Amino acid sequence: MSDLERVFGVHAVQALIERHPKRVKRLLVQSGRLNERQQALLGQAEQAGLVVVRVAGDELDAQTDGVHQGVVAEVVASQLWSEEMLGHLLDRLDTPPLLLVLDGVTDPHNLGACLRSADAAGAHAVIVPRDRSASLNPTVRKVACGAAETVPLVAVTNLSRTLKQLQQRGLWVVGTAGESEQLIYDVDFKVPSVIVMGAEGAGMRRLTREHCDYLVKLPMAGSVSSLNVSVAAGVCLFEAVRQRATSVR
C-alpha cells in the first residue's frame with residue numbers, strides 16, 4: 001500500500017473512474033444497502049472492470065479522516081505537474097490562459113475548494129510553491145469534488161521566478177492585497193492572466209508581491225476585513241469569466 005493513496009467521497013471517486021480508471025486498483029464499498037448515488041458509482045466501477053470489495057463501514061472510517069460517503073478508492077498516487085509540463089500546456093492553448101496562483105495556502109480544505117473554483121471557472125492550472133502549500137492528499141481531493149482530477153496542480157520551486165517566466169510569455173500577473181486602491185473589477189482579464197492569492201492573514205510574500213503587474217482588492221462593505229481565500233479566489237476567477245464572456249458577444 002506504500003505506493004497507493006486513498007481517495008474517498010462519491011464525487012472524487014466518480015471523477016477518478018470516469019477520467020483515470022487505470023489508476024484505480026480497487027474500490028472499497030460499504031457493506032449493506034446502498035443509496036442511489038452509491039449504486040450508480042458501483043455500476044460505473046463494474047462497467048469499467050474494477051475490483052470491488054464490500055467492507056464494513058467502520059473499516060472505511062478507520063482508513064479515512066473525513067466523510068467517505070461509503071466509498072473509498074485505492075489508487076496509484078498521482079503526480080504534481082512540473083513547470084515544464086505547464087509550459088507545454090500553455091503552448092497548446094488556443095485561448096488566453098487563465099491561471100490561479102496560491103502563495104502559502106497550507107490548509108488542505110482551502111486548496112481543495114480553490115481547485116473546485118478553478119475547475120468551475122475554466123482556469124487552465126493552479127500553481128503552488130513546492131514548500132509552502134498543502135499537498136494533494138485525500139482531504140484535498142474530497143473537498144475538490146473531482147476537480148483535483150481535472151485541473152493541473154503545478155508545484156514550483158521558486159514562485160517569483162515562475163511569475164517572471166509567465167510575464168515573459170505575455171501573461172499579466174494580478175495580485176490581491178487588501179490595502180490596494182484598485183478594485184478587481186478595474187483590471188482587464190480578457191488578456192492572458194494570472195491571479196495570485198496570498199495566505200489568509202499573512203497575504204502574499206514580499207517577493208511575490210513585487211512580481212505582480214497589478215495589485216487589486218475586493219470591495220468589502222461589511223465588518224469583516226477579508227474573505228476566506230477560496231471564496232476570494234472564486235470571486236476573482238469568475239470576474240475573469242464574466243469579462244471574457246462579455247467580450248465574445
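Quick caveat: nothing in here was measured; it's all calculated off a predicted structure.
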Decide, yes or no, whether a salt bridge links Glu74 with Arg23 under the criterion of side-chain N to carboxylate O below 4.0 Å.
no
Does the pair Asp91/Arg169 count as a salt bridge with the N-to-O cut at 4.0 Å?
yes
Side-chain donor-acceptor contacts of residues 113-127 below 3.5 Å, not counting sequence neighbours, with atom names and distances?
unit_1: Ser117; atom_1: OG; unit_2: Ala113; atom_2: O; d: 3.3
unit_1: Asp119; atom_1: OD1; unit_2: Thr150; atom_2: OG1; d: 2.7
unit_1: His124; atom_1: ND1; unit_2: Leu98; atom_2: N; d: 3.0

Is the shortest heavy-atom distance from the side chain of [X] to the side chain of [Y] under 4.5 Å?
X	Y	result
His11	Gln69	no
Leu34	Leu42	yes
Tyr185	Pro219	yes

Review item, side-chain donor-acceptor pairs of residues 151-159, under 3.5 Å, at least two apart:
unit_1: Asn158; atom_1: OD1; unit_2: Ser160; atom_2: N; d: 3.2
unit_1: Asn158; atom_1: OD1; unit_2: Arg161; atom_2: N; d: 2.9

For Glu181, which residues count as a side-chain contact (heavy atoms from CB on, under 4.5 Å) partner, sequence neighbours excluded?
none
Pairs in or reaching into residues 7-17: which pass salt bridge (charged side-chain N to carboxylate O under 4.0 Å, His left out), with residues at least two apart or in two chains?
none
Checking Glu179 against Arg209 for the salt bridge (Lys or Arg N to Asp or Glu O under 4.0 Å) test, could you report, in this order, the C-alpha distance in whole Å, the side-chain angles of both residues, the deciding distance, and whether it holds?
CA-CA 12 Å; Glu179 69 277 10; Arg209 179 189 297 259; 2.5 Å; yes
Which atom pairs, one a donor and one an acceptor, fall under 3.5 Å between side chains of residues 100-112 and the rest of the protein, sequence neighbours left out?
unit_1: Asp103; atom_1: OD1; unit_2: Arg205; atom_2: NE; d: 2.9
unit_1: Asp103; atom_1: OD1; unit_2: Arg205; atom_2: NH2; d: 2.9
unit_1: Asp103; atom_1: OD2; unit_2: Arg205; atom_2: N; d: 2.9
unit_1: Asp103; atom_1: OD2; unit_2: Thr208; atom_2: OG1; d: 3.0
unit_1: Asp107; atom_1: OD1; unit_2: His109; atom_2: N; d: 2.8
unit_1: Asp107; atom_1: OD1; unit_2: His109; atom_2: ND1; d: 3.3
unit_1: Asn110; atom_1: OD1; unit_2: Asn228; atom_2: ND2; d: 3.0
unit_1: Asn110; atom_1: ND2; unit_2: Glu200; atom_2: OE2; d: 3.0

Extract all donor-acceptor atom pairs below 3.5 Å that involve side chains of residues 44-58 and protein atoms in other chains or at least two apart in sequence.
unit_1: Gln44; atom_1: OE1; unit_2: Gln14; atom_2: NE2; d: 3.2
unit_1: Gln44; atom_1: NE2; unit_2: Glu18; atom_2: OE2; d: 3.3
unit_1: Arg54; atom_1: NE; unit_2: Gln30; atom_2: O; d: 3.3
unit_1: Arg54; atom_1: NH2; unit_2: Gln30; atom_2: O; d: 3.3
unit_1: Arg54; atom_1: NH2; unit_2: Gly32; atom_2: O; d: 2.6

